[in-house]
A.B. asks: 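My structure is below; once you've seen it, I'll send some questions.
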Protein chains: 2
Amino acid sequence: MNSTLHLRIRSNIQKQILSGSWPPGYRIPFEHELVARYRCSRMTVNKAIASLVSAGLIVRRRRAGSFVAEPRVQSAVLEIPDIRAKIEERGQTYSLQLLSRRRRKPAGRREYERTLAAGGDLLAVRCLHLANGRPYALEERLISLVAVPEAASIDFSLEPPGSWLLRHIPWTEAEHRIRAIDASEEEADLLELSSHRACLELSRRTLRGPEHITRVRLLFPGSGFDLVAHFAPLGK
Amino acid sequence: MNSTLHLRIRSNIQKQILSGSWPPGYRIPFEHELVARYRCSRMTVNKAIASLVSAGLIVRRRRAGSFVAEPRVQSAVLEIPDIRAKIEERGQTYSLQLLSRRRRKPAGRREYERTLAAGGDLLAVRCLHLANGRPYALEERLISLVAVPEAASIDFSLEPPGSWLLRHIPWTEAEHRIRAIDASEEEADLLELSSHRACLELSRRTLRGPEHITRVRLLFPGSGFDLVAHFAPLGK
DNA sequence: GATTAGACTATGTATAGACATTATTGCAGC
DNA sequence: GCTGCAATAATGTCTATACATAGTCTAATC
């Protein structure tokens, strides 16, 4: 059993829920009942329940009590790997090939480019991530020079723009989209794909508060790449 | 500004971190300093910091102090949609076509089938999810009849096995793998794909404690399907 | 100089009480 | 029966205090 009292209380409650003894909608014992049961103070019980609330297992309603939450929409924590780290952890050597890098105005037709640019210029970077000299992923990135003026003076031929941004620019929000697509002729060529053209496309836009920072599209050959997502109701 | 004191303290600290004023590794003020600053009790400050710890923004070391966490590996919360709900929310009609359903022993060569079966039989279900009568996803599922004996008597031609399991079996852990693959001849045929064969493959295995419950492989035509993942350091 | 023992101190856990907030419940009056 | 008000009860927030625990730092020792 766990070491501290509030963790013990939490895990006892959690067991009831996960075993199905306390189904969704079930009213768990009131704080004062748990206080009596465990002979502890209300704050301790409160702490235990609060952590189950933040884990999404319990919802609380004043005056009414605390209830087992309805099963949530399936969700999972997706690890989006740092490409360089992932390659090196497999014992391969990472290298980067800068394909193009130019400063330009947003394309008028593209709504999202204008939003990202916020009245200023964009930095468009295209590069290829290589593992042991073989193509691993194709990156197309747009950076707002309004949000990140420093980027204008960085030459991204050594450090990939993603890593540089992560190290220098704090961000508050990111949205990812994951699709499967067939690589275009040119993309297949760059990624050295022959017959199998299925690729995993990961697009991400990153915000700092209301401000758009960057937008990236990463193309991974389907055969060589997995995303792993993991879900457990509570940490540990 | 927020209503309650500990939320106000939390959001002030969070601002310092997200704006970059307090970079990773920075030692934030000690609890007793914050107590003096906000003229409140230590428990209140503690609650504020504890919530930043559970959000991963701060790490604490006894005797040394509390520090801004190193930027984590990029991670995001991935919503794994209930297929039926997703289709219906787009205003399309959902239907299900049961392709096969049989009870069998695990295939000896497949390690994971033996693990899943746990000495008993498996229920193998194959079905097609349709939106407005057109193929939307192909599902191949194995259910452990040791873990879920009730499943043996369910005919999955009305309710898809995923929804049924979600409603009846509590689970504790799930692991997902996402890849892009080319559909096989037969799969392309079932999904009515012509030229573009790129598909998103989602595999999931679900556990209840140490017990394996089910394993599923979902194949989505690449063009018609997106997974969206979202990340923000703190809820709201 | 390197190692170890002990003092120090910030965090970790827990208590017992207080008052605030709010949704429910039940009662009184229409 | 319906409406509205007041009593009630459960959670939400906060305080002041206490002791435990475990890294860190210093200083004494080898």
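Because the structure is predicted, anything quoted here is derived from the model rather than measured. What's counted below: heavy atoms across the whole structure, side chains too, no hydrogens, waters or symmetry copies. Residue numbers start from 1 in every chain, and the chains themselves are labelled A, B, ... in the order their sequence lines are given, proteins ahead of strands.
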A.B. asks: Taking atom types as modelled, is there a side-chain donor on B/Ser66 or B/Arg60 under 3.5 Å from an acceptor on the other?
C.D. replies: yes

A.B. asks: Is the shortest side-chain N/O distance from A/Lys47 to OP1 or OP2 of C/dA14 below 4.0 Å?
C.D. replies: no

A.B. asks: Answer yes or no: is there a donor N or O on one side and an acceptor on the other, between the side chain of B/Arg179 and the main chain of B/Leu200, under 3.5 Å?
C.D. replies: no

A.B. asks: Go along nucleotides 15-25 of chain C 5' to 3' and tag each nucleotide: B for a protein heavy atom under 4.0 Å from its base, S when only backbone or sugar atoms are that close, - otherwise.
C.D. replies: BB-B--BSBB-

A.B. asks: Using every non-hydrogen atom in the two residues, find where B/Val146 and B/Glu211 come nearest and quote the distance to one decimal.
C.D. replies: O-OE2, 4.4 Å

A.B. asks: What is the separation between atom CG on B/Asn46 and atom P on D/dT15, rounded to the nearest whole Å?
C.D. replies: 13 Å

A.B. asks: What's the shortest heavy-atom distance between B/Ser19 and B/Ser21, and which atoms?
C.D. replies: OG-OG, 2.8 Å

A.B. asks: Under 4.0 Å from any atom of DNA chain C, heavy atoms only: list the residues of residues 24-31 of chain B that qualify, in numerical order.
C.D. replies: B/Phe30, B/Glu31

A.B. asks: Using whole Å, report how far CG of A/Leu52 lies from C1' of D/dT11.
C.D. replies: 15 Å

A.B. asks: Between B/Ile49 and A/His6, name the one whose nearest nucleotide on DNA chain C is closer to the 5' end.
C.D. replies: B/Ile49

A.B. asks: Testing the basics here: between A/Ala131 and A/Gln92, what is the closest heavy-atom pair and its distance to 0.1 Å?
C.D. replies: CB-OE1, 3.6 Å

A.B. asks: Rounded to the nearest Å, what distance is computed from the CG atom of residue A/Leu34 to the C1' atom of nucleotide D/dA10?
C.D. replies: 13 Å

A.B. asks: Send over the distance from A/Arg60 CZ to D/dA9 C1', rounded to a whole Å.
C.D. replies: 13 Å

A.B. asks: Would B/Arg215 count as a cation-pi partner of B/Tyr112, with NZ or CZ less than 6.0 Å from the six-membered ring centre and within 45° of the ring normal?
C.D. replies: yes

A.B. asks: When you measure from the side chain of A/Thr4, which nucleotide among C/dT13, C/dG12, D/dT13 comes out closest?
C.D. replies: C/dT13

A.B. asks: Heavy atoms only: give me the nearest B/Glu33-B/Phe30 pair and the separation to one decimal.
C.D. replies: OE1-N, 2.7 Å

A.B. asks: Tell me whether B/Thr214 contacts the main-chain N or O of B/Thr206 through its side chain, where contact means a donor paired with an acceptor under 3.5 Å.
C.D. replies: no

A.B. asks: Nearest whole angstrom, please: distance from the C1' of C/dA10 to the CZ of B/Phe67.
C.D. replies: 10 Å

A.B. asks: Check this one for me: any side-chain N or O of A/His32 less than 4.0 Å away from OP1 or OP2 of D/dA10?
C.D. replies: yes

A.B. asks: Would you verify whether the NZ or CZ of A/Arg90 falls within 45 degrees of the ring axis of A/Tyr94 while also being under 6.0 Å from that six-membered ring's centre?
C.D. replies: no

